[in-house]
Number of protein chains: 2
Amino acid sequence: MSRLDRSLIHGLPVFAGIEPAELDRILDSATALRVPDGSAVFEQGEEAHSFFVLLDGRVRVVKTTPDGQQVTMRYIVPGELLGIAQALGRTDYPASAVAVTDCVALAWPSRLWRKFADVSPAFGANTYKTVGIRLDDVQTQVVEMATQQVERRVAHSLLRLVGQSGTRTGDGILIDFPLSRQDIAEMSGTTLHTVSRLLTAWEKKGLVKSGRQKVTVVEPHRLLLLAEGRA
Amino acid sequence: MSRLDRSLIHGLPVFAGIEPAELDRILDSATALRVPDGSAVFEQGEEAHSFFVLLDGRVRVVKTTPDGQQVTMRYIVPGELLGIAQALGRTDYPASAVAVTDCVALAWPSRLWRKFADVSPAFGANTYKTVGIRLDDVQTQVVEMATQQVERRVAHSLLRLVGQSGTRTGDGILIDFPLSRQDIAEMSGTTLHTVSRLLTAWEKKGLVKSGRQKVTVVEPHRLLLLAEGRA
DNA sequence: CTTTTCGTTTGCGGATGGTCAAAGAGCGCT
DNA sequence: AGCGCTCTTTGACCATCCGCAAACGAAAAG
């Protein structure tokens with residue numbers, strides 16, 4: 001296999017503070033991976049054989065309950081780590097990761113994670129910082145679900161997506177991957193029906209514009225007020 | 001200060017696999033701490049100056065929203081780590097930790113965490129394993145809150161407490177620290193009124209017995225069926 | 001171009017569970 | 001023993017939000 005270009009991962013926060021020589025060694029053991037829209041990077045419950053860095057596309061991390069309901073834990077954007085269960089002493093993936101657009105990722109065998117962390121403390125620290133941020137995000141989500149009603153939760157979900165995957169357009173900020181009402185519902189702990197009603201109501205107020213698997217936030221500021229319960 | 005007795009922490013999972021000599025060094029830099037019932041080990045937003053191991057008592061980890069609502073993230077039992085935000089690259093505590101009984105804990109300055117982890121890889125691994133378990137717990141909580149209705153959530157909360165802090169008695173399994181309806185509500189994302197109604201209903205069915213700040217689970221198995229939605 | 005499929009909208013009914021209010025009971029304190 | 005505080009119970013009311021069902025529309029498939 002030919003060496004991957006260093007520019008692929010140069011500048012990613014995950015690899016910040018790592019010596020160029022180390023970086024090349026890390027790249028040499030990587031496998032580049034194309035994941036077509038709709039297919040899984042890994043499945044919940046599967047043995048955690050690899051960890052990943054997403055280079056392009058969007059991945060949804062989703063937990064499925066025993067009775068088949070799905071809850072979206074987070075969306076992964078390029079530059080982020082994925083499947084790092086192993087760094088926390090787990091042997092299987094606690095959720096599934098599904099590409100929601102065509103994706104490109106780098107993959108390494110899980111056991112290499114420890115090697116990289118040993119050789120380059122910065123890499124370990126970066127990973128754990130990511131974990132810390134995600135732990136915080138999930139805890140925030142618990143607090144939201146425990147205290148806020150649906151409208152605010154959905155507003156928060158949209159704003160999170162806008163922050164991660166927002167693209168300026170003439171109308172406002174477009175979420176730049178296909179996103180259905182059902183998808184939003186699974187992030188917010190509600191039903192697609194309620195999401196649909198909310199979007200219609202918001203559209204009437206001029207807060208958003210939306211279509212089939214497409215949402216544009218026209219007035220982020222007002223949506224934020226709504227999310228924070230100050231409207 | 002006289003050396004703390006090694007037996008204090010010997011056998012705790014957190015310190016599993018660490019050389020006795022290391023253990024003594026770790027103990028030498030520890031401060032023993034009494035935390036009376038009702039007072040805080042640390043407060044949300046405060047600089048994360050220390051991390052802790054709880055030796056005796058029960059601690060509630062609680063997040064407070066800007067508008068003053070409280071959500072209990074977890075209860076800590078003896079042997080568990082507390083305040084390890086720093087290991088994940090945080091500089092402040094993301095939640096408050098309040099003693100719900102008189103407690104005894106060991107404390108170390110946060111910056112020592114890294115030293116310990118460097119010197120004793122087992123210690124680092126143990127910590128991260130704990131983090132992994134907690135991340136998983138919180139994610140499970142999100143899934144529950146997103147998909148289950150209140151009765152099942154409250155049942156789950158009680159069962160978690162029974163597993164952690166249950167004591168066999170004549171009537172069943174008693175949760176061995178003072179626990180109000182409000183406390184249960186803050187774990188489950190509901191109100192004390194709803195919890196009260198549920199407990200009364202369950203008491204009529206013979207599932208639990210409860211009194212002022214006291215809950216005994218009489219039939220854990222049937223409560224589990226309820227929690228899993230198979231009743 | 002036609003057909004099918006999939007996402008979306010919308011109405012209606014109803015249950016879950018929150019809010020408000022007030023009374024009751026257990027426990028510590030003096 | 002009596003007082004007062006806090007926790008708990010219970011009732012009544014009602015808003016939120018879910019479930020069901022049906023229709024609609026737009027994109028994809030043939």
Side-chain angles (χ1 to χ4, degrees), chain A residues 36-38 60 65 67-72 100-101 144-158 175 177-205 208-216 226 229, chain B residues 36-38 60 65 67-72 100-102 144-158 175 177-205 208-216 226 229 231:
Chain A
D37 180 7
R60 178 175 55 211
T65 63
D67 58 307
Q69 291 193 79
Q70 302 205 320
V71 180
T72 298
V100 294
T101 68
E144 280 180 18
M145 305 257 285
T147 61
Q148 300 174 2
Q149 50 194 43
V150 173
E151 185 172 36
R152 292 181 58 183
R153 299 208 304 267
V154 174
H156 265 127
S157 297
L158 282 189
I175 293 165
F177 60 90
L179 181 76
S180 71
R181 308 291 182 263
Q182 176 69 33
D183 294 332
I184 300 173
E186 285 174 9
M187 298 181 68
S188 317
T190 180
T191 62
L192 81 162
H193 305 279
T194 300
V195 172
S196 176
R197 285 182 243 270
L198 283 173
L199 286 181
T200 319
W202 290 346
E203 190 139 13
K204 277 187 189 136
K205 292 201 231 167
V208 304
K209 291 194 180 190
S210 70
R212 188 191 175 88
Q213 303 200 89
K214 181 165 74 78
V215 179
T216 304
L226 214 165
Chain B
D37 180 8
R60 178 175 54 212
T65 63
D67 58 307
Q69 292 194 77
Q70 302 205 318
V71 180
T72 298
V100 294
T101 67
D102 290 331
E144 281 182 16
M145 304 255 287
T147 61
Q148 300 175 0
Q149 51 193 43
V150 174
E151 184 171 37
R152 293 181 58 183
R153 299 207 306 266
V154 174
H156 265 127
S157 298
L158 282 189
I175 292 164
F177 60 90
L179 182 76
S180 70
R181 307 292 181 264
Q182 176 69 35
D183 294 332
I184 299 173
E186 285 175 9
M187 297 181 68
S188 317
T190 180
T191 63
L192 80 162
H193 304 277
T194 299
V195 172
S196 177
R197 286 182 240 268
L198 283 172
L199 286 182
T200 323
W202 291 347
E203 188 139 12
K204 276 187 189 136
K205 293 202 231 166
V208 303
K209 291 194 179 190
S210 69
R212 189 191 172 88
Q213 304 200 85
K214 182 165 72 78
V215 179
T216 304
L226 214 165

Could you check which of D:dC17, C:dT9, D:dT8 has an atom nearest any side-chain atom of A:R181?
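The answer is C:dT9.
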Counting only distance, no hydrogens or angles, is the base of [N] paired donor-acceptor with the side chain of [X] under 3.5 Å?
{"X": "A:R197", "N": "D:dG19", "value": "yes"}
{"X": "B:H193", "N": "D:dT8", "value": "no"}
{"X": "A:R152", "N": "D:dT16", "value": "no"}
{"X": "B:R212", "N": "D:dT6", "value": "yes"}

Atom [atom1] of [X] to atom [atom2] of [N]: distance rounded to whole Å?
{"X": "B:L192", "N": "C:dG18", "atom1": "CG", "atom2": "P", "answer": "10 Å"}
{"X": "A:E151", "N": "D:dC17", "atom1": "CD", "atom2": "P", "answer": "8 Å"}
{"X": "B:Q149", "N": "D:dC18", "atom1": "CD", "atom2": "C1'", "answer": "10 Å"}
{"X": "B:Q182", "N": "D:dT6", "atom1": "CD", "atom2": "P", "answer": "14 Å"}
{"X": "B:K204", "N": "D:dT9", "atom1": "NZ", "atom2": "P", "answer": "11 Å"}
{"X": "A:Q213", "N": "C:dT5", "atom1": "CD", "atom2": "P", "answer": "17 Å"}
{"X": "A:I184", "N": "C:dT8", "atom1": "CD1", "atom2": "C1'", "answer": "12 Å"}
{"X": "A:E186", "N": "D:dC18", "atom1": "CD", "atom2": "P", "answer": "13 Å"}

Tell me which of B:E203 and A:R153 sits closer to the 5' end of DNA chain D, going by the nucleotide each one is nearest to.
B:E203
Locate the shortest heavy-atom distance separating [X] from [Y]; write the atom from each residue and the value.
{"X": "A:G211", "Y": "A:R181", "value": "O-NH2, 3.3 Å"}
{"X": "B:P178", "Y": "B:T101", "value": "CD-CG2, 4.0 Å"}
{"X": "B:A185", "Y": "B:L192", "value": "CB-N, 3.6 Å"}

Does a side chain donor of either B:S188 or B:S157 reach within less than 3.5 Å of an acceptor in the other side chain?
yes
Verify, without hydrogens or angle tests, whether A:R153 (side chain) and A:E144 (backbone) share a donor-acceptor contact under 3.5 angstrom.
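Between the backbone of A:E144 and the side chain of A:R153 there is no qualifying donor-acceptor contact (under 3.5 Å).
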Kindly say if [X] contacts the phosphate of [N], meaning a side-chain N or O under 4.0 Å from OP1 or OP2.
{"X": "A:T200", "N": "C:dT10", "value": "yes"}
{"X": "A:S196", "N": "C:dG7", "value": "no"}
{"X": "A:T194", "N": "D:dC17", "value": "no"}

Looking at every strand, decide which applies to A:T191 at a 4.0 Å heavy-atom threshold: base, sugar-phosphate, or nothing.
sugar-phosphate
